[in-house]
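Only one structure is covered here, and it is reproduced in the block below.
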Amino acid sequence: MSGSKKKNWRCWLWPVLLVLLGALAAFELLRPDLRQSGAVPVNDGSGTIWIEPDPNLPRSPFKSGDFARQDNAITCTDSGYAVYQGVDVSTWQENIRWQEVADSGIDFAVIRCGFRRTLTGKLEQDNCFENNYAGAGEVGLRRGLYFYSQAVSVEEAEEEAAYALELLGGRALELPIFFDWEVSANPEGRSNGVRGETVTACAAAFCRVIEAAGYQSGIYFNLQMGYHTYDLGQFSAQTLWLAEPGEHPTFYYETALWQYDHHGTVAGIDTEADRNLLFEKTEHVKN
């Protein structure tokens with residue numbers, strides 16, 4: 001009896017497998033061949049996707065073997081680049097002892113100058129901006145700024161850029177002013193549900209205002225935003241800043257800054273701090 005059941009089971013299993021294999025074969029014939037079309041596989045932070053590389057953006061030159069961890073920092077050994085250690089800071093890092101930061105090997109700081117409230121949309125100055133700008137400069141660190149955006153329109157992005165410039169007040173910067181647009185963790189956050197086309201337009205508008213004032217501009221993004229939100233091909237002339245915590249960057253395109261640790265430790269900072277690397281091609285580095 002049991003032998004008969006096994007035989008019947010095999011009889012219906014094979015036709016089902018043949019149907020499935022036929023369906024898969026038909027799908028392979030009908031779908032475009034991704035490899036032949038030039039698409040490449042990338043990891044967007046949640047899994048593998050296929051993208052058509054943007055001809056306006058250079059591919060990242062780095063390999064995993066170019067990076068190594070030394071204590072609480074990651075270093076890069078690619079000889080084609082001068083590589084600098086940095087932090088990005090805001091009021092969340094509270095009172096920073098900048099001389100200790102510089103003595104620990106940090107070369108630059110990207111400082112939050114202001115932000116837009118997630119719910120109300122109100123623009124506010126970062127409470128520690130003035131102290132951080134002055135302190136980092138006094139010890140010789142190169143300085144950039146970032147503005148935490150919750151813009152939902154081009155007009156709001158322009159308003160944010162104008163506000164960042166007002167806070168800076170014409171003072172010197174060695175690095176760009178970055179547009180940092182993020183989806184809110186609050187389910188009622190004003191940035192939630194904003195389409196990628198709008199975010200791209202907001203970033204472009206922010207950068208235009210910053211550059212018209214004589215400063216460099218850039219955008220900050222993670223893997224999901226880099227692949228799914230922004231049309232990065234529109235920012236080939238701006239500085240790209242990638243947030244991808246890990247031992248080495250995997251983003252397909254080249255970026256000038258890489259934020260590699262959201263929970264880093266830095267001498268002179270008593271809280272966790274974001275750690276970054278800045279890559280500058282050696283032919284552009286001044287002696």
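With hydrogens and angles disregarded, no donor-acceptor distance shorter than 3.5 Å links the side chain of Y215 to the backbone of L165. Not one N or O on the side chain of T200 forms a donor-acceptor pair closer than 3.5 Å with the backbone of E197. Panel note: side chain Q150, backbone E182; a donor-acceptor pair is recorded below 3.5 Å. With hydrogens and angles disregarded, no donor-acceptor distance shorter than 3.5 Å links the side chain of R142 to the backbone of V110. Side-chain N or O atoms of D261 include none that pairs as donor or acceptor with a backbone N or O of A73 at under 3.5 Å. With hydrogens and angles disregarded, a donor-acceptor distance shorter than 3.5 Å links the side chain of S153 to the backbone of E156. Put simply, the side chain of Q224 gets close to the backbone of D44: a donor and an acceptor are under 3.5 Å apart. Although no hydrogens or angles enter the test, the distance criterion places a donor-acceptor pair under 3.5 Å between the side chain of D66 and the main chain of K63. Looking at S184, its side chain never comes within 3.5 Å of a backbone N or O of S191 through a donor-acceptor pair. With D107 contributing its side chain and Q85 its backbone, the two residues share a donor-acceptor pair below 3.5 Å.
The heavy-atom pair separating S90 from D126 by the smallest distance is CB-OD2, 3.3 Å. Between G246 and W258, the shortest heavy-atom contact is O-CZ2, 3.6 Å. Nearest heavy-atom pair, A151 versus C202, reported as atom, atom and distance to 0.1 Å: CB-SG, 4.2 Å. W181 and S149 make their closest contact through CD1-OG, 3.4 Å (heavy atoms, listed as atom of the first residue, atom of the second, distance). Among all heavy-atom pairs drawn from E52 and G38, the shortest one is OE1-C, 3.8 Å. Between C207 and I219 the shortest heavy-atom distance is SG-CG2, 4.1 Å.
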**Request:** Before giving the answer on side-chain contact (heavy atoms from CB on, under 4.5 Å), spell out for R112 and D88 the whole-Å C-alpha distance, their side-chain angles and the decisive distance to 0.1 Å.
**Result:** CA-CA 8 Å; R112 188 176 76 164; D88 60 274; over 6 Å; no
**Request:** Might you work through the side-chain contact (heavy atoms from CB on, under 4.5 Å) test for T229 and V194, ending with a clear yes or no?
**Result:** CA-CA 10 Å; T229 302; V194 178; over 6 Å; no
**Asked** Are Y227 and F251 close enough, and set up right, to give a ring-ring contact (aromatic ring centres under 6.0 Å, His included), and what steps lead you there?
**Response** CA-CA 9 Å; Y227 289 126; F251 193 58; 4.8 Å; yes
**Request:** Evaluate the side-chain contact (heavy atoms from CB on, under 4.5 Å) criterion for residues V101 and I96: first the C-alpha distance (whole Å), next the side-chain angles of each, then the deciding distance (0.1 Å), finally the verdict.
**Result:** CA-CA 8 Å; V101 173; I96 298 175; 3.7 Å; yes
**Message:** Determine whether I51 and V40 satisfy the following criterion, side-chain contact (heavy atoms from CB on, under 4.5 Å), listing intermediate values before the conclusion.
**Reply:** CA-CA 6 Å; I51 64 166; V40 295; 3.7 Å; yes
**Message:** With side-chain hydrogen bond (donor to acceptor under 3.5 Å, both in side chains) as the criterion, how do T118 and N186 come out once you've worked through the C-alpha distance, each side chain's angles and the decisive distance to 0.1 Å?
**Reply:** CA-CA 8 Å; T118 298; N186 190 316; over 6 Å; no
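Partner of F178 under the ring pair (Phe, Tyr, Trp, His ring centres under 6.0 Å) criterion, chosen from W241, F235, Y146: W241.
V154 and Y230 are members of different hydrophobic clusters when ILVMFWY side chains are connected at heavy-atom separations under 4.5 Å. In the hydrophobic clustering of this structure, F115 does not group with Y133; members are Ile, Leu, Val, Met, Phe, Trp, Tyr whose side-chain heavy atoms approach within less than 4.5 Å, directly or through other members. Clustering ILVMFWY residues whenever any of their side-chain heavy atoms sit less than 4.5 angstrom apart, transitively, puts I49 in the very cluster that holds L232. V183 and V199 end up in the same hydrophobic cluster when Ile, Leu, Val, Met, Phe, Trp and Tyr side chains are linked at under 4.5 Å.
With sequence neighbours left out, H263 forms a side chain to side chain donor-acceptor pair (under 3.5 Å) with E272. R97 pairs by the side chain to side chain donor-acceptor pair (under 3.5 Å) definition with E100, D270, not counting sequence neighbours. For Y163, there are no ring pair (Phe, Tyr, Trp, His ring centres under 6.0 Å) partners at least two apart in sequence or on another chain.
Atom CZ of R171 has more than 12 neighbouring heavy atoms from other residues, nucleotides or ligands inside a 6.0 Å radius.
One distance of note links CZ of F221 with CD of E244; it measures 10.0 Å at 0.5 Å rounding. Between atom SG of residue C113 and atom CD of residue E130 there is a gap of 10.0 Å, rounded to the nearest 0.5 Å. Here the CG-OG1 distance, from D78 to T75, works out to 12.0 Å after rounding to the nearest 0.5 Å. Here CG of D54 is found 6.5 Å from CG of D231. Values are rounded to the nearest 0.5 Å. Atom CD1 in I111 sits 8.5 Å away from atom CG in L141 (nearest 0.5 Å). Here C128 contributes atom SG and N95 contributes atom CG; the two are 6.0 Å apart, rounded to the nearest 0.5 Å.
Counting only heavy atoms from C-beta outward, the side chains of W98 and V89 approach each other to under 4.5 Å. Contact annotation: the side chain of L257 never approaches that of L240 to less than 4.5 Å [non-hydrogen atoms, C-beta and beyond]. Residues N72 and R275 are in side-chain contact: their nearest non-hydrogen atoms beyond the backbone lie under 4.5 Å apart. Side-chain contact between V83 and L278: absent, with no pair of heavy atoms (C-beta onward) separated by less than 4.5 Å. Considering only heavy atoms from C-beta on, Y84 stays 4.5 Å or farther from L277 through its side chain. Contact check for F108 versus R143: no side-chain heavy atoms found under the 4.5 Å cut-off. Side-chain contact between Q216 and Q238 is absent, with no heavy atoms from C-beta onward closer than 4.5 Å. No side-chain heavy atom of Y253 sits under 4.5 Å from any side-chain heavy atom of L242.
Side-chain rings of F206 and F179 approach one another, their centers coming within less than 6.0 Å. Aromatic pair Y220/F147: ring centres not closer than 6.0 Å. Taking the ring centroids of F279 and F62, they lie under the 6.0 Å cut-off. Residues Y260 and F67 keep their aromatic ring centres 6.0 Å or farther apart.
Comment: R59 does not engage E254 in a salt bridge, judged by the lack of any side-chain N to carboxylate O separation of less than 4.0 angstrom.
Because its NZ or CZ atom is not both nearer than 6.0 Å to the ring centre of Y148 and within 45° of the ring axis, R116 does not count as a cation-pi partner of that residue.
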